[in-house]
Structure formats: structure tokens, C-alpha cells
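Throughout, a chain's letter reflects where its sequence line sits, starting with A, and its residues are numbered from 1.
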Protein chains: 2
Amino acid sequence: MDAIDLSLVDLLRGNARLSYAELARQVGLSAPAVHERVGKLESSGVVRGYRADVEPEAIGLGVTALIGIVEDSGADSDDMLESLRVLPEIESCYFMAGVESFLLKARVGTIAELEQLIVRLNRTPGVASTRTAIALSTKWENRPQPVGPPAP
Amino acid sequence: MDAIDLSLVDLLRGNARLSYAELARQVGLSAPAVHERVGKLESSGVVRGYRADVEPEAIGLGVTALIGIVEDSGADSDDMLESLRVLPEIESCYFMAGVESFLLKARVGTIAELEQLIVRLNRTPGVASTRTAIALSTKWENRPQPVGPPAP
DNA sequence: CACTCTCCGTGGACGCCATCGACCTGAGCC
DNA sequence: GGCTCAGGTCGATGGCGTCCACGGAGAGTG
């Protein structure tokens, strides 16, 4: 993981469809060298994949909500995680410090679907309570921040 | 935006580096047809870009936090948004229903940097108070969910 | 110091891919 | 019917991805 790898990662975070030839020009190496480096970044797990960034409304997912989950005392977090993972509406899942063990970001088409999701969550074994906050609008999301060398 | 466009979007959300030839095979069209459709999806804003999905720890961003912001009464939300947009650590920004007008997802390298960020936020004009929750671990994030209209 | 091992990059080759232009076809409309 | 337009296929061509053999720098060792 040297400076060249960092710029490759940075370039690909900005535009994942750049050709190897273009990446090579940007970092001053040959295309095969870049190909090999990117391959290693992928197989070492630094680069987990490449995703199109899609306007959610355009694919019928206009409602975004953040849901905090309080666990039952004595519940098994791993079991609960498996129950959560099955729900496709949950786009992100963080294990948090604080009263609410999990914080979910969910995306659904309608408020009715959100209601159904919340009901399902409250029925999930191990869930003591939920707290839902609705995002009225997304100002921006998953903005890539420029990489820097590790802070001193 | 027909069924073929939806599958293209779906395929690209799963792997943004698929070639047009491969996309064409998957949806049963020719490569130029797919090329034109994807171009239209991009210029109409349905597809906003393509991003490499990178392990944050690998680029020195090991600390994730969610920060709620309560606005001063009478503050101008637009002005505040501009102040927030300048801070590169803020990866996502949602305008919320509830007491906390904004919910930020921030990513920094160390707790010390998080502290600095919070201080800066509290000094920002229009910010009455902040509430920070730290993510101990990310179970998953930005998982693409299959597109809306039930397919065959 | 020379020897060699390894890592990492370069250059060349070859087939596939992106992309452009020309042409085709069906739907909607005078 | 005949026009027009959107959106597709086909064919050509230059560039790209990817495989392979080769070479040079640096570390460790006699």
C-alpha cells in the first residue's frame, strides 16, 4: 500500500469505470502494472467492489429512514444480525456505542412500506424497541473524501 | 425507464466495471444499444457515477460517527448546509424530521480528529448543539437492494 | 564484492471491446 | 399510403485488456 496504490484507490473512488490505460497515464505506470496493482487491491480486500451510484427515487426508493434499535437484555447480537441481514430494505447496519445497539439505514418506496418494516423489526426476537427518524431529503451521500497519508 | 433499463441499473449497481459487451449479453441487446441506454441513464441523472467500494480502514479512516445537529431557532439552513459541505469528513448529510435538523455521517482517522470535527461543528453559525454517536463496527454499508417492480 | 533470488515494472502481441456511421424496422400521425 | 422518429442491428476500426517473456534494483549471503 504505497502512494501509487493510494492514488489508484482515489481515482477509482471518483470514477470506477476508468480504463486501466487511463489509470496508468494518471499514475505514471504502464497498463499491465496498474492491472496487477488493482488486482492485488481487490484480492486483499482493500477494494471490495465497484458500484454504480444511482438516484434512489429513480428506482422507486424514495423514502429514507434511520432506525435505532434497542436490544433486549440478554439477547444474542449475532442472531439478531442474521435476522436484520435478511431484510433487503436495510442498506446499512452499524453496531453502535450507546443505548441503541444498532443503527440501520433503510430505503423503501413508500411510508406504508416503512411502517411494515418497523413492525417486522419490532417483532424480531431480541429487539426491545426501535426509534425511527425519517430523512426528508438527502443533501449528499457517500461523498468520497480525498485520501491522505496517515495522520502523525 | 423500462424493464431493460432497470436490469442495466441493477447490473451496474452490482458491478460497475462490467463491459458494455457483457451488459449486452445479460440483457439480450447489442453492445451499441446498451451503450446508448447507459449514456441516457447517465445524462438523465439516474446513474450519478461509478464508485469503487473501498475498505475505509485501509485508507486511514477507521472511525465512523453519526452526528445529529440541532439548529438555532431562526438559523438559515442553506447557509449552514454550505458550511457543512466544506467539511470533507462529512460523507453523508440528511435533512431530517425531528428536533435534530441534520444527521451527518462522518468518517475520520482517529478519535482526536473526531473531537476536532465536533468542536468545529459546534462553532459553526446556526448550530445550537450536536449529538454524536460512534459506530463501533460497520456490519454492512450501501448494500444494493434489488430493484422495485417484481421481475419474472 | 559478486552472486543470486525476488519483486516489480516494461514492451510486444493478439484478440476482444468501445464506438461510430450506415442501414433497418415498427409505431404514430397526417 | 407515406413521413418521421425512436431505437434497434450490423460492420468496421482503433484502442484497450491481458498474457507472457524479459530486465533492472535492492536485500541477503558466501
Provide, to the nearest angstrom, the distance between the [atom1] atom belonging to [X] and the [atom2] atom belonging to [N].
{"X": "B/Asp5", "N": "D/dG8", "atom1": "CG", "atom2": "C1'", "value": "14 Å"}
{"X": "B/Met1", "N": "D/dG7", "atom1": "CE", "atom2": "P", "value": "14 Å"}
{"X": "B/Ile4", "N": "D/dG7", "atom1": "CD1", "atom2": "P", "value": "12 Å"}
{"X": "A/Glu36", "N": "C/dG11", "atom1": "CD", "atom2": "C1'", "value": "15 Å"}
{"X": "A/Arg37", "N": "C/dC8", "atom1": "CZ", "atom2": "C1'", "value": "8 Å"}
{"X": "A/Glu22", "N": "D/dG17", "atom1": "CD", "atom2": "P", "value": "10 Å"}

Distance check: side-chain N/O of [X] vs OP1/OP2 of [N], anything under 4.0 Å?
{"X": "B/Arg17", "N": "D/dC16", "answer": "no"}
{"X": "A/His35", "N": "D/dT18", "answer": "yes"}
{"X": "B/Lys40", "N": "D/dA6", "answer": "no"}

Point to revise | Whichever of B/Arg25 and A/Ala31 has its nearest DNA chain C nucleotide further upstream toward 5' | key: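 Nearest nucleotide further toward 5': that of A/Ala31.
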
Check your understanding: Which atoms form the tightest heavy-atom contact between B/Ile90 and A/Arg143, and what is the distance?
Key ->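 Distance-wise, the nearest heavy atoms are O-NH2, 2.8 Å.
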
Practice item. Give me the ring orientation class for A/Phe95 and A/Phe102: parallel if the planes are under 30° apart, tilted from 30 to 60°, perpendicular past 60°. Key: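 A/Phe95 vs A/Phe102 ring planes: tilted.
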
Practice item. Can you figure out which of D/dT9, D/dC16, C/dT10 approaches the side chain of B/Leu29 most closely? Key: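 Between D/dT9, D/dC16, C/dT10, the one nearest the side chain of B/Leu29 would be D/dT9.
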
**Study point:** Shortest side-chain distance from A/Tyr20, nucleotide among D/dC19, D/dG17, C/dC17
**Key:**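 For A/Tyr20, the side-chain atoms sit closest to D/dG17.
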
Point to revise | CG on B/Leu104 to OH on B/Tyr94, rounded to 0.5 Å | key: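 Reported value, rounded in 0.5 Å steps: 10.5 Å.
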
Check your understanding: Got more than 12 heavy atoms from elsewhere within 6.0 Å of CD, B/Glu115?
Key ->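 Counting other residues, nucleotides and ligands, CD of B/Glu115 stays at 12 neighbours or fewer.
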
Check your understanding: For A/Ser19, which contact category applies under a 4.0 Å heavy-atom criterion: base, sugar-phosphate, or nothing?
Key ->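 Sugar-phosphate contact only - A/Ser19 comes under 4.0 Å of backbone atoms but never of a base.
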
